[in-house]
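Report on one structure; see the data block that follows.
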Amino acid sequence: MPLEGEYEPSPAQWVRDQVELYESSGGTRGTTLRGMPVVILTTLGARSGRIRKSPLMRVEHDGRYAVIASAGGADSHPVWYHNVVAHPRVELQDGTVRQDMTAREVEGEEKALWWARAVEAYADYTDYQEKTDRPIPVFVLEPA
Ligand SMILES: C[C@H](OP(=O)(O)OC[C@@H](O)[C@@H](O)[C@@H](O)Cn1c2nc(=O)[nH]c(=O)c-2cc2ccc(O)cc21)C(=O)N[C@@H](CCC(=O)N[C@@H](CCC(=O)O)C(=O)O)C(=O)O
C-alpha cells in the first residue's frame with residue numbers, strides 16, 4: 001500500500017534530479033552513484049506529513065536492506081532519519097522493484113553485522129564515521 005501524501009522534492013538539486021531520473025525511467029536509469037548501486041527511500045515527513053524521497057546506497061542481504069543515515073559524515077543526522085523514526089513504514093525502490101518495508105534502528109552486534117555489509121557496498125561509510133563523533137545510525141528494512 002503506497003504511502004499517501006503530497007511529494008515534497010529535496011531542496012538539494014542533485015538529489016531531486018536523481019530521484020526524478022530514477023523514477024521517470026522506472027528504475028532503469030539514475031540507479032548508481034560513482035558506479036555503485038543506489039536505492040530510493042520514501043518516507044513520511046515527521047512534521048509535515050509530506051512524502052520525502054532520499055537516494056541512498058544499496059545495502060541488501062537475503063531480501064532485507066539497510067539504510068545508513070551517514071549524511072556524508074555530518075555531525076547531525078540527515079533529516080530523513082527523523083522521518084523513519086516517526087514513521088517506520090517506508091517504501092524502498094531497488095531498480096525496477098518497489099516494496100513496502102518496515103524500518104527499525106539496529107544496535108550492537110546486529111548493527112555491526114549490517115555496518116560491515118554497508119562498508120562492503122560503499123567503502124566511504126568508513127571515512128564518514130571517522131569524520132564525526134556522531135554514531136551513524138543504521139536501519140534495517142524488512143518487507144512489510
Ligand atoms: C536536505 C535535507 O535532506 P536530508 O533528509 O537531511 O538528507 C540528506 C541526505 O542524506 C540525502 O540527500 C541523501 O539522499 C544523500 N545520499 C545519501 N545520504 C545518506 O545519508 N546515506 C547514503 O547512503 C546516501 C547515498 C546517496 C546516494 C545518491 C544520492 O544522490 C544521495 C545520497 C532535506 O531534504 N531537507 C528538507 C526537509 C526534509 C524532511 O524530511 N522534513 C521533515 C521534518 C523532519 C524533522 O525535522 O522532524 C518533514 O517533512 O516533516 C528541507 O529542508 O526542506
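Counting starts at 1 for both ligands and their atoms, following the listed order.
Shortest contact from atom 30 (O) of ligand 1 to any protein heavy atom: Gln18 OE1, 2.7 Å. Of the protein's heavy atoms, Leu56 CD2, 3.6 Å lies nearest to atom 18 (N) of ligand 1. Looking from atom 49 (O) of ligand 1 to the surrounding protein, the closest heavy atom is Ser48 OG, 2.6 Å. Looking only at protein heavy atoms, the nearest one to atom 4 (P) of ligand 1 is Val79 N, 3.5 Å. For atom 13 (C) of ligand 1, the closest non-hydrogen atom of the protein is Pro55 O, 3.4 Å. In terms of protein heavy-atom proximity, atom 20 (O) of ligand 1 is closest to Ala71 N, 2.9 Å. Summary of contacts: the protein heavy atom closest to atom 8 (C) of ligand 1 is Pro78 CB, 4.0 Å. Of all protein heavy atoms, the one lying nearest to atom 9 (C) of ligand 1 is Trp80 NE1, 4.1 Å.
Put simply, the side chain of Thr28 gets close to the backbone of Ser25: a donor and an acceptor are under 3.5 Å apart. Of the possible donor and acceptor atoms, one in the side chain of Tyr22 sits under 3.5 Å from a partner among the backbone N and O of Gly95. Under a 3.5 Å cut-off, the side chain of Gln129 and the backbone N or O of Ile136 do form a donor-acceptor pair. At least one donor-acceptor pair closer than 3.5 Å links the side chain of Lys131 to the backbone N or O of Gly72. No donor-acceptor pair closer than 3.5 Å links the side chain of Glu109 to the backbone N or O of Ala112. Not a single donor-acceptor pair under 3.5 Å links the side chain of Thr31 to the backbone N or O of Gly27. The closest donor-acceptor contact from the side chain of Asn83 to the backbone of Thr43 lies at 3.5 Å or more, if one exists at all.
The minimum heavy-atom distance between Thr132 and Ala74, with the atom names listed, is OG1-O, 3.6 Å.
Close approach of ligand 1 to Asn83 is summarised as follows: ligand atoms under 4.0 Å from at least one heavy atom of the residue are 39 (C), 40 (O), 42 (C), 43 (C), 44 (C). Every atom of ligand 1 with a heavy atom of Val15 under 4.0 Å away is listed here by number and element: 12 (O). Heavy-atom proximity to Gly45, at under 4.0 Å, picks out these atoms of ligand 1: 48 (C), 49 (O), 50 (O). Counting atoms of ligand 1 from 1 in the listed order, those under 4.0 Å from a heavy atom of Tyr125 are 22 (C), 23 (O). Residue contact check: Trp14 has heavy atoms under 4.0 Å from atoms 29 (C), 30 (O), 31 (C) of ligand 1.
The N/O atoms of Arg52, backbone and side chain alike, include one that comes under 3.5 Å of an N/O atom in ligand 1. Any N or O atom pair closer than 3.5 Å counts here, and Arg50 shares no such pair with ligand 1. For His82, no nitrogen or oxygen atom sits less than 3.5 Å from a nitrogen or oxygen atom of ligand 1, counting backbone and side chain alike. Taking any N or O of Ile68, backbone or side chain, at least one lies under 3.5 Å from an N or O belonging to ligand 1. The shortest N or O to N or O distance between Leu33 and ligand 1 is not below 3.5 Å. Some N or O of Met57 is nearer than 3.5 Å to an N or O of ligand 1, by distance alone.
Aromatic ring centres of Phe139 and Tyr65 lie farther apart than the 6.0 Å criterion allows.
Between Glu8 and Lys53 there is no salt bridge, since no side-chain N of the basic residue sits under 4.0 Å from a carboxylate O of the acidic one.
The shortest separation from a heavy atom of Pro11 to ligand 1 is under 4.0 Å, placing the residue in contact.
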task = For side chain to side chain contact (heavy atoms under 4.5 Å, CB included), just list the numbers for Leu3 and Arg89, CA-CA rounded to whole Å, side-chain angles, deciding distance to a tenth of an Å, and then say yes or no.
result = CA-CA 8 Å; Leu3 293 176; Arg89 252 284 278 115; 4.2 Å; yes
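Under the 30°/60° scheme for interplanar angles, the aromatic rings of Tyr125 and Tyr128 are found to stand perpendicular.
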